[in-house]
Amino acid sequence: MSPFLFWIFAGLMLVFGAGVVLNRNPVASALSLVVSFLGLAALFMSLDAYFIGIIQVLVYAGAVMVLFLFIIMLLDLRAEKLRKINWLASAGGIAVAVALSVQILYVIGNFRFSQQPFPPLARSTVDDVHHVGSLLFENYNLPFQIIGVLVLVATIGVVVLSKRELR
Amino acid sequence: MITLGDYLIVSGLLFTIGFAGVMLRRNIIIIFMCLELMLNAANLSLVAFSRFRVDAGLPNYNAQVFVFFIITVAAAEVAVGLAIIVALFRARQTTHVEDIASLKF
């Protein structure tokens, strides 16, 4: 992938990710999260992980964000009224976030592989869904089944939580 | 030329944005969205390392299977979390975390 496209999609992802934090209206936040996830899916595809990129679009930008929008509209959340902002707490939060990013950048700057380009891939006739699928059903068969049970438990939990007489 | 460090820096910045959102915002749904941003930042660095560790001309697919598991668990987590938020809204008519202070000392 050309550096130009990388920086376009990375910038798109970061700008709309910041939009999630900065928007006052929850619907606008959710929609900018969709754009951020689409940029992230493009970055996955630039790393030759086509399966993960498509899963990202289908599951996150599709299912999860529809669920978020559904809940926001169900609860009928308006744009937040301007409350008294606790400036001390906000400044503390920003300071902690800046300190975290400085630490991350310092660690990446000292990481000895960080300046190496990606090694080339061999031309393969088998696509990556095949490789991921065979690994998933052979080496990771037990975790895969446990994930299935987890999704079932989550479904049952949502039904129980949504019952009206829950108090 | 895009290197591994560029992807890691972008991933770290996305994680920081999500973290700042969790620290700064007071709407519980926005906090939940910022948690999703942090999970996705971790996914991006996992896929970047998977592409970096080329073995016999193929990327290391173990990391991609791990990302697949993370996405599945995150989807289950979103479903349960939003159900909890709806139950909370029914009980208290608010999604503002400062209005929910029963456990506060």
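Below, read A as the first sequence line, B as the second, and so on, with proteins coming before strands; counting in each chain starts at 1.
- For B/Phe49, the part lying under 4.5 angstrom from a heavy atom of chain A is the side chain only.
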Check the pair B/Tyr7 / A/Phe6 against ring-ring contact (aromatic ring centres under 6.0 Å, His included), numbers first and verdict last. CA-CA 9 Å; B/Tyr7 278 95; A/Phe6 170 80; 4.6 Å; yes
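- No other option in B/Ile85, B/Thr72, B/Asp6 has as many heavy-atom pairs under 4.5 Å with chain A as B/Asp6.
- Counting heavy-atom pairs closer than 4.5 Å to chain B, the top-ranked of the candidates A/Leu135, A/Val64, A/Val59 is A/Leu135.
- With respect to chain A, the highest number of heavy-atom pairs below 4.5 Å among B/Ser50, B/Gly18, B/Ala79, B/Cys34 belongs to B/Ala79.
- Chain A forms the most heavy-atom pairs under 4.5 Å with one residue out of B/Asn40, B/Leu14, B/Val54, B/Thr16, and that residue is B/Asn40.
- Contact count versus chain B (heavy atoms, under 4.5 Å) is highest, among A/Gly133, A/Gly157, A/Gly92, A/Ala49, for A/Ala49.
- The residue among B/Ala56, B/Ala41, B/Ala48 with the most heavy atom pairs within less than 4.5 Å of chain A is B/Ala48.
- In this structure, chain B has heavy atoms under 4.5 Å from both the backbone and the side chain of A/Leu47.
- Your options are B/Phe52, B/Phe32, B/Phe15, and the one with the most heavy-atom pairs under 4.5 Å with chain A is B/Phe52.
- Interface residue B/Phe19: only side-chain heavy atoms are found under 4.5 Å from chain A.
- Interface remark: A/Pro143 contributes backbone and side-chain atoms alike to the contact with chain B (heavy atom separation under 4.5 Å).
- Heavy-atom neighbours of chain B within the stretch residues 107-116 of chain A, taken at a separation under 4.5 angstrom, comprise A/Ile108, A/Phe111, A/Phe113, A/Ser114, A/Gln115, A/Gln116.
- No part of B/Ile31 comes within reach of chain A, as not one of its non-hydrogen atoms sits under 4.5 angstrom from that chain.
- If you measure heavy-atom distances from B/Phe89 to chain A, the contacts under 4.5 Å come from the side chain alone.
- The choice from B/Val22, B/Thr95, B/Val67, B/Ile29 that makes the most heavy-atom pairs within less than 4.5 Å of chain A is B/Ile29.
- For the options A/Leu74, A/Val96, A/Leu22, A/Ile55, heavy-atom pairs under 4.5 Å to chain B are most numerous at A/Val96.
- Contact of A/Leu75 with chain B is made through backbone and side chain together, with heavy-atom distances under 4.5 Å.
- Ranked by heavy-atom pairs under 4.5 Å with chain B, the first of A/Ser36, A/Ala89, A/Ser29, A/Ala10 is A/Ser29.
- Interface remark: of the candidates A/Gly11, A/Ala30, A/Pro120, A/Ala30 forms the most heavy-atom pairs closer than 4.5 Å to chain B.
- Of the atoms belonging to A/Ala63, not a single heavy atom falls under 4.5 Å from chain B.
- In this structure, the portion of B/Leu39 lying under 4.5 Å from any heavy atom of chain A is its side chain and not its backbone.
- B/Glu36 is listed as a side-chain neighbour of A/Phe37, based on a closest heavy-atom distance under 4.5 Å.
- For A/Ile147, the part sitting under 4.5 Å from any heavy atom of chain B is the side chain, from C-beta outward, and nothing else.
- Using a 4.5 Å heavy-atom threshold, the side chains of A/Phe144 and B/Phe69 count as touching.
- Heavy-atom distances place no part of A/Thr155 under 4.5 Å from chain B, backbone and side chain included.
- Proximity to chain B involves both the backbone and the side chain of A/Val158, based on heavy atoms less than 4.5 angstrom apart.
- Only the side chain of A/Leu105 comes within contact range of chain B, with at least one heavy atom under 4.5 Å from a heavy atom of that chain.
- For A/Phe70, no part sits under 4.5 Å from any heavy atom of chain B, backbone or side chain.
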